[in-house]
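Numbered from 1 within each chain, the chains take letters A, B, ... in sequence-line order.
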Amino acid sequence: MDAWDLLSYAAWAVSALLFIWMLADAWGVGRNFDEDFLLSSREGEE
Amino acid sequence: MSEATTAAGSASGQPTRIALLKVLGPVHVWALGVGIVLVGEFMGWNFSVGKGGAYGSLIACWVVGLLYTCVAMIDSEVTSTVAAAGGQYTQAKHIVGPLMAFNVGLYLVMAYTMLEAGDALVVGDLMKAVAGELGHADLDPRPFVVLSIALLAWLNYRGVFMTLTVNFVITAAAFLAIVILFVGVSPWEPAKVLLHKDLLVDLPYGWIGVIAAMQFAMWYYLGIEGTCQAAEEVRSAGRSIPLGTMSGMITLLIAASLTWYVAAGLMPWEYLGQAITPLYDAAKLTGSGTLQVILFVGTIFSAIASANGCINDASRAWFSMGRDRYLPTWFGAVHPRYRTPYRAILFLIPIAVVFAFQAPLDQVISFSILSGLLGYTFMSFNMMKFRKQWPLGSIKRGYVHPFHPLPAIVLLVLCIATYFATFLGYGATLVAVMAFYILASAWFVFHRYKFVRRGDQFTMPWPRPKGY
């Protein structure tokens with residue numbers, strides 16, 4: 001196993017961590033905020 | 001606007017309304033538009049040389065440049081009044097109708113998500129090439145493809161300001177790489193490095209070759225229309241969108257001309273027409289190690305900037321369609337802290353990964369280009385209708401494009417010519433793309449349209465259209 005193999009594994013690991021972080025954050029937002037509030041954005045409103 | 005948009009405060013103290021953050025300026029709009037496109041200067045445009053020869057490619061480059069100038073002018077005017085995420089989708093919703101809007105929204109999502117997949121594949125292939133040159137043959141590019149998508153999606157998830165500031169830096173660096181290469185080949189001494197006199201020949205396949213080259217000449221500019229997606233997040237849409245889009249178009253016309261001039265002066269058209277990384281190859285041919293490194297970095301940066309902009313744009317289009325119930329409303333959520341369309345960003349990640357791993361690159365890119373072309377065709381009709389229904393003076397416009405209806409007519413004629421060019425090279429893909437959108441339209445009409453609240457569609461503070 002050389003540096004490129006390690007780099008490949010690191011790329012998989014970092015990708016997985018980023019996906020997990022985003023999923024966990026999205027799940028946390030869904031739990032902590034009211035759905036109507038999250039969907040309250042209106043087009044054209046300042 | 002630094003805090004969440006509020007109506008009356010709720011009992012819990014939480015604001016009752018949330019919106020995307022208005023923090024962007026013209027520089028970010030430039031970075032979004034040019035960032036998506038510039039990778040086409042580093043690779044892809046040169047297939048037009050294979051179709052029409054070097055001169056044919058240059059003619060196609062300028063003719064298609066005219067097509068995109070029309071796109072930029074039309075987009076700048078309409079978006080300076082329809083200042084909402086979704087860009088052309090929102091324009092279609094206001095000016096044409098729901099079915100057109102659904103189709104345009106889908107064109108946008110498909111064009112950008114597929115382009116993002118193509119960009120990520122390029123990053124993976126470049127990593128594989130570097131590993132090969134450093135003695136590690138057969139590096140698996142997939143982890144680097146996934147990492148590119150994951151990292152850029154994460155950046156987009158965390159906020160639009162940082163996303164497009166990063167895009168500005170790497171796009172500017174990639175553009176600078178092209179300028180450095182141009183200076184590096186001493187264009188003021190024509191026969192020293194550049195050999196145009198020896199390498200340029202007449203049109204090898206005649207004028208039909210020039211028309212066929214138009215499909216690939218789109219790579220020089222494909223995606224500049226993406227600037228419209230930032231309309232809801234710019235501080236002043238009337239100023240930033242026209243300024244960012246038009247300056248972006250000027251940048252691309254300069255970059256395209258420099259790219260052609262350098263590459264056509266270093267490589268015979270037979271080689272250039274099938275090269276994978278023509279600008280990097282050009283740097284190699286100069287014999288300068290420094291230029292080689294600069295162009296390699298430029299190529300990687302351009303691919304990353306393109307994927308980054310594509311994630312931004314596809315998610316805004318998807319988010320807008322969710323917000324209007326063209327898709328499940330769940331996608332219309334805004335992150336309370338980062339103020340981004342976080343669910344749309346998350347949802348499109350696996351789709352981009354699937355495109356990257358399951359579909360052949362040339363088919364993915366052809367689908368992306370054709371989706372873009374369908375969008376441009378819509379713009380020509382849209383502009384005619386827009387000026388007819390809301391003539392000058394009836395609503396406030398941040399920008400008024402000159403010579404109407406000439407740009408809309410020129411755009412339509414050039415779109416028809418480019419469909420013909422695509423038919424010559426990718427007839428089956430053209431038919432498949434049309435079939436896909438017809439099926440999607442049927443799904444929308446027979447299944448999804450019943451969820452759309454027709455009364456809520458029109459959100460701009462405009463008077464009734466003329467003749468209503």
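- Of the inter-residue distances, the one linking A/Glu43 atom CD with B/Lys93 atom NZ reads 3.0 Å to the nearest 0.5 angstrom.
- Separating the CD1 atom in B/Ile349 from the CE atom in A/Met22 is a distance of 4.0 Å, to the nearest 0.5 Å.
- Residue B/Leu139 holds its CG atom at 4.5 Å from OG of A/Ser8, rounded to the nearest 0.5 Å.
- Under 3.5 Å, the side chains of A/Asp25 and B/Tyr157 contain a donor-acceptor pair of N or O atoms.
- Note: A/Leu18 leads A/Asp36, A/Leu18, A/Leu23 in heavy-atom pairs under 4.5 Å with chain B.
- B/Arg448 CZ: more than 12 foreign heavy atoms inside a 6.0 Å radius.
- With values rounded to the nearest 0.5 angstrom, A/Arg42 atom CZ is found 8.5 Å from B/Arg323 atom CZ.
- At a 4.5 Å heavy-atom cutoff, A/Leu17 makes no contact with chain B through either its backbone or its side chain.
- The aromatic rings of B/Phe144 and A/Trp4 sit perpendicular, their planes meeting at an angle over 60°, well past the 30° parallel limit.
- With a 6.0 Å radius and a threshold of 12 heavy atoms from other residues, nucleotides or ligands, B/Phe451 has its CZ atom above the threshold.
- Of the candidates B/Leu151, B/Val146, B/Val353, A/Ser15 forms a side-chain contact (heavy atoms from CB on, under 4.5 Å) with just one, namely B/Val146.
- Taking each heavy atom of A/Ser41 and B/Glu232 in turn, the nearest pair found is OG-OE2, 4.2 Å.
- In this structure, A/Asn32 CG and B/Arg337 CZ are separated by 12.5 Å, a value rounded to the nearest 0.5 Å.
- Around CG of A/Asp2, the count of heavy atoms belonging to other residues, nucleotides or ligands within 6.0 Å exceeds 12.
- Aromatic ring orientation, A/Trp21 versus B/Tyr338: tilted (interplanar angle from 30° to 60°).
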